[in-house]
Number of protein chains: 2
Amino acid sequence: MEKYKKIGIKLTPQRLAILDFLDGNKDHPSAEEIYREVSKRFPTMSFATVYNTLEALAERGNILELTIDPHKKRFDPNTELHHHLICTKCKRIEDVHTHFELAVPGMHRKGFEVTGNHVAFYGICPACSHRT
Amino acid sequence: MEKYKKIGIKLTPQRLAILDFLDGNKDHPSAEEIYREVSKRFPTMSFATVYNTLEALAERGNILELTIDPHKKRFDPNTELHHHLICTKCKRIEDVHTHFELAVPGMHRKGFEVTGNHVAFYGICPACSHRT
DNA sequence: TGCTTGACAAGAACTATTCTAATGTGATAT
DNA sequence: ATATCACATTAGAATAGTTCTTGTCAAGCA
């Protein structure tokens, strides 16, 4: 795929498969989910390859590493500025494409140079609120 | 200490030491930091006790489990609604006691019942921006 | 007194991630 | 087209953080 060329990493079949799986993916998959899926096509795939690729992509700003799930890292191929709505029961994550104008008041900034922000909304998704 | 009685868990010397360490602590300590500190007073202290106590406290809403640091859990004894400013280099976390009026627009809510939110601000703290 | 419940310590087990060493391979220059 | 080399890949070991298990004990209660 031509569109992946500009990322600036060496393209390999494994990496293309990972990129294809991520492209347009709205499920914020974990390394394990990526591995499970991609290793269907590449049964010899190693976990290290998944992590290496994800790290390389994150470094270049092509994906975001989410620190939302206490148990594992999750990755988001959508690098536009956006926020998340998380079901505290099933851990499903939905995107919230709204821009919030947020600034840290000087008194709390403590000399920090603020570079970004992320809003996590918590709630219960319809599916979970139904079953009990 | 009387003030701990109302938490509703059985108070033991180990738990009192953990509670004392957390009380007013603004450093958002990890389990490991709590263990290191409390085991000075109770050298036989086990990690399991730390985790059990933290879990019990979190369940009862007496502390918050922060999912901000990708490498470890961090705990916040301040359960008032507040937000955080995180140094992406040294992982220091400062509190931001500002109330933001945030609502998820209906189109993104997808039927979620939203129960709360948390804003993470990212930046570089003064100490880190100095040393290169 | 005996029962029940919950807390504890110690360490094993587990999970997610990172590292290592050996081998393989895509991209470029030849 | 081929050789080369830096970078990718693999398998498995290593690590870090967290959770689980087992046996023990103390406190509260019938």
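The chains referred to below are lettered A, B, ... by the order of the sequence lines, with proteins before strands, and numbering in each begins at 1. Note: hydrogens, waters and symmetry copies are ignored here, and every other heavy atom, side chains too, is used.
- Chain A approaches DNA chain C within less than 4.0 angstrom (heavy atoms of the protein), and the contacting nucleotides run 5' to 3' from C:dA16 to C:dA27.
- Cluster membership check: A:Phe47 shares its hydrophobic cluster with A:Leu16, using side-chain heavy-atom separations under 4.5 Å among Ile, Leu, Val, Met, Phe, Trp and Tyr.
- In terms of phosphate contacts, A:Thr12 brings a side-chain nitrogen or oxygen within less than 4.0 Å of OP1 or OP2 of D:dT9.
- If you chain together hydrophobic residues whose side chains sit under 4.5 Å apart, A:Ile7 and A:Leu64 never meet in one group.
- Two residues are said to be in side-chain contact when any heavy atoms from C-beta on lie closer than 4.5 Å; B:Pro126 and A:Phe112 meet this criterion.
- Under a hydrophobic clustering in which Ile, Leu, Val, Met, Phe, Trp and Tyr are joined whenever their side-chain heavy atoms come within less than 4.5 Å, directly or via other members, A:Leu81 and B:Phe100 fall into different clusters.
- Closest of all the heavy-atom pairs between B:Ile63 and B:Leu22 is CG2-CD1, 4.1 Å.
- Overall, the helix from C:dT1-D:dA30 to C:dT30-D:dA1 carries an axis bend of 30° between its ends, with five pairs at each end and the value rounded to 10°.
- When ring centroids are compared, B:His84 and B:His28 come within the 6.0 Å threshold.
- Rounding to whole angstrom units, NZ of residue B:Lys10 and P of D:dG28 are separated by 7 Å.
- Taking atom CG of residue A:Leu11 and atom C1' of nucleotide D:dA8, one finds them 12 Å apart after rounding to whole Å.
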Audit row: A:Val50, A:Val38, side chain to side chain contact (heavy atoms under 4.5 Å, CB included) steps and yes/no: CA-CA 9 Å; A:Val50 176; A:Val38 175; 6.0 Å; no

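- Considering only side-chain N and O atoms, B:Lys73 lies under 4.0 angstrom from the phosphate OP1 or OP2 of D:dT19.
- As a whole-Å value, the separation of B:Glu65 CD from D:dG17 C1' is 12 Å.
- A donor and an acceptor atom, one from each side chain of A:Asp76 and A:His82, are located under 3.5 Å apart.
- The nearest heavy atom of DNA chain D to A:Gln14 and to B:His71 marks one nucleotide each, and the one closer to the 5' end goes with A:Gln14.
- Within residues 31-49 of chain B, the residues that place at least one heavy atom under 4.0 Å from DNA chain D are, in residue-number order, B:Ala31, B:Ala48.
- Other residues, nucleotides and ligands place no more than 12 heavy atoms under 6.0 Å from the CD atom of A:Glu113.
- In this structure, CZ of B:Arg15 is placed 13 Å from C1' of D:dA26, rounded to the nearest angstrom.
- The distance between atom OH of A:Tyr51 and atom P of D:dT10, rounded to the nearest whole Å, is 15 Å.
- A continuous path of ILVMFWY side-chain contacts below 4.5 Å connects A:Val119 to A:Val104, so both sit in one hydrophobic cluster.
- Looking at heavy-atom distances under 4.0 Å, A:Asn52 makes contact with a base.
- Between the CZ atom of B:Arg36 and the CZ atom of B:Phe21 there is a distance of 8.5 Å, given to the nearest 0.5 Å.
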